[in-house]
Amino acid sequence: MGLVSAQGTGAITNAYGVHGSVANTDPATTFRAGVYGTSPVVYTDTNSTGALGSWAGYFQGMVRISSNAYVNGNVLVTSDASLKTNVEDITNARETFAALQPKSYEFIPQQHPHMQMPPGRQLGLMAPEVQEVLPELVERVPIPAEYDTTGTMVAEATSHLAINYNGFIPVLIAAVKEQQQTISEVTASVAQEASEMQDLRNLLEEQRTRIDHMEQLLAECCNRPAPDGLREGGINNVPELHDTEGDRKLRIQPQPLQRKHHGVLYAGAQWPGTAYGEQRRWQATACAARSQLGER
């Protein structure tokens with residue numbers, strides 16, 4: 001069953017099935033291992049990543065590492081669907097991530113030397129803040145007391161909050177999917193609005209074409225020579241030009257000699273009482289009269 005080692009005075013506080021340590025601190029020593037084990041990695045075939053049972057170390061229970069862990073290969077987490085129940089989709093993932101506050105920080109190894117925390121600038125999250133958002137990713141980890149070779153306690157037992165950073169991966173995937181859904185909806189909405197805008201542009205262009213055609217017909221009508229015998233005063237009850245408003249507005253005046261519904265067009269209202277204004281009035285009256293005479 002292995003060597004059992006106990007530390008502490010009175011009641012046993014720390015018990016080890018296997019306890020290994022290296023006391024050598026000589027800089028010339030390039031490799032040290034408190035416990036060292038080897039075992040060949042045997043794969044089922046040359047194209048498979050699944051290895052047969054071959055373990056240099058096999059632990060059933062929690063494993064705690066002080067300082068850094070280095071892995072030449074993959075870190076695999078049990079995730080077989082047959083081992084799970086109460087499976088639910090992750091929702092509101094974007095709001096969850098928005099509530100997290102990433103930080104940069106430094107550990108305080110001088111106050112906790114037995115924990116062998118890494119020096120230098122670190123990136124991560126504050127466990128109490130994560131606990132408010134995703135409590136299932138935060139766990140309190142017990143830290144056993146530390147004793148020297150004489151059995152004297154050099155560090156009291158304590159506990160600290162730890163974060164399961166791997167647990168953020170599915171939340172991140174869900175957040176990306178939610179964002180992609182929003183992007184797709186916005187893209188479809190923008191495309192619909194663009195189509196409607198193009199329809200409005202086409203309608204506007206059609207209206208411009210029709211207005212240009214009407215202006216051309218009107219110009220052709222007003223530029224024709226007046227029929228013989230038609231005088232400006234030949235058609236009565238035509239109001240003065242200053243009755244219109246604007247510099248390019250047209251107004252229809254009922255034609256007193258009509259058999260059908262004809263009218264007089266007034267244009268150039270900015271020149272009432274002038275020779276040009278009277279000319280435009282005459283031309284518009286002539287056009288209406290010519291149209292009436294042609295149908296009589």
Practice task
With sequence neighbours excluded, give me every side chain to side chain donor-acceptor pair (under 3.5 Å) pair touching residues 201-210.
Solution key: Q198-N202
Practice task
Would you kindly confirm whether M153 and I143 end up in one hydrophobic cluster when ILVMFWY residues are joined by side chain heavy atoms under 4.5 Å apart?
Solution key: no
Practice task
May I ask you to decide if D148's main-chain N or O and T152's side chain share a donor-acceptor pair within less than 3.5 Å?
Solution key: no
Practice task
Measure from the side-chain N and O atoms of E139 to the backbone N and O of E136, and report whether any donor-acceptor pair falls under 3.5 Å.
Solution key: no
Exercise for the section: Taking the side chain as every heavy atom from C-beta outward, state whether M214 and L217 have any atom pair closer than 4.5 Å. Expected result: no
Handout entry: Shortest non-hydrogen separation from A56 to S39 and the atoms involved
Key = N-CB, 3.7 Å
Exercise for the section: Output all residues satisfying salt bridge (charged side-chain N to carboxylate O under 4.0 Å, His left out) with E129, sequence neighbours left out; order by chain, then residue number. Expected result: K103
Handout entry: Hydrophobic cluster identity match, M117 and V154, side-chain contacts under 4.5 Å
Key = no
Cut-off 3.5 Å, no hydrogens considered: what does the side-chain donor-acceptor table look like for residues 157-177, sequence neighbours left out?
{"residue": "S159", "atom": "OG", "partner": "R140", "partner atom": "NH1", "Å": "3.2"}
{"residue": "N164", "atom": "OD1", "partner": "N166", "partner atom": "N", "Å": "3.2"}
{"residue": "N164", "atom": "OD1", "partner": "G167", "partner atom": "N", "Å": "3.4"}
{"residue": "Y165", "atom": "OH", "partner": "L125", "partner atom": "N", "Å": "3.0"}

Problem - pair M126-Q101: side-chain heavy atoms closer than 4.5 Å - result: no
Handout entry: Atom of A99, atom of V133 and distance for their closest heavy-atom approach
Key = CB-CG2, 3.9 Å
Problem - Qualifying residue, where the test is side-chain hydrogen bond (donor to acceptor under 3.5 Å, both in side chains) with Q181 and the options are Q179, E185, E178 - result: E185
Handout entry: Value rounded to 0.5 Å, distance of CG in L204 from CG in D199
Key = 12.5 Å
Problem - Contacts of E106 that satisfy salt bridge (charged side-chain N to carboxylate O under 4.0 Å, His left out) - sequence neighbours left out - result: R121
Handout entry: Pairwise side-chain contact, P119 with F107, heavy-atom cut-off 4.5 Å (strictly under)
Key = no
Practice task
Run through the side-chain heavy atoms of Ile, Leu, Val, Met, Phe, Trp and Tyr, join any pair under 4.5 Å, and report what else lands in Y36's cluster.
Solution key: F31
Exercise for the section: Check whether any side-chain heavy atom of E220 lies under 4.5 Å from a side-chain heavy atom of L218, and answer yes or no. Expected result: no
Fill in the blank from the handout: Rounded to the nearest 0.5 angstrom, the OG-CD distance for S104 and Q122 is 10.0 Å
Problem - CD-CG distance between E132 and L100, expressed to the nearest 0.5 angstrom - result: 10.5 Å
Fill in the blank from the handout: So the salt bridge (charged side-chain N to carboxylate O under 4.0 Å, His left out) pairs with at least one residue in residues 14-41 (sequence neighbours excluded) are none
Practice task
Determine whether M115 and R64 make a side-chain contact, defined as any pair of heavy atoms from C-beta on separated by less than 4.5 Å.
Solution key: yes
Exercise for the section: Report the C-alpha distance between Y70 and N68 in whole Å, list the side-chain angles of each, state the deciding distance to 0.1 Å, and finish with yes or no for side-chain hydrogen bond (donor to acceptor under 3.5 Å, both in side chains). Expected result: CA-CA 7 Å; Y70 298 91; N68 298 331; 3.3 Å; yes
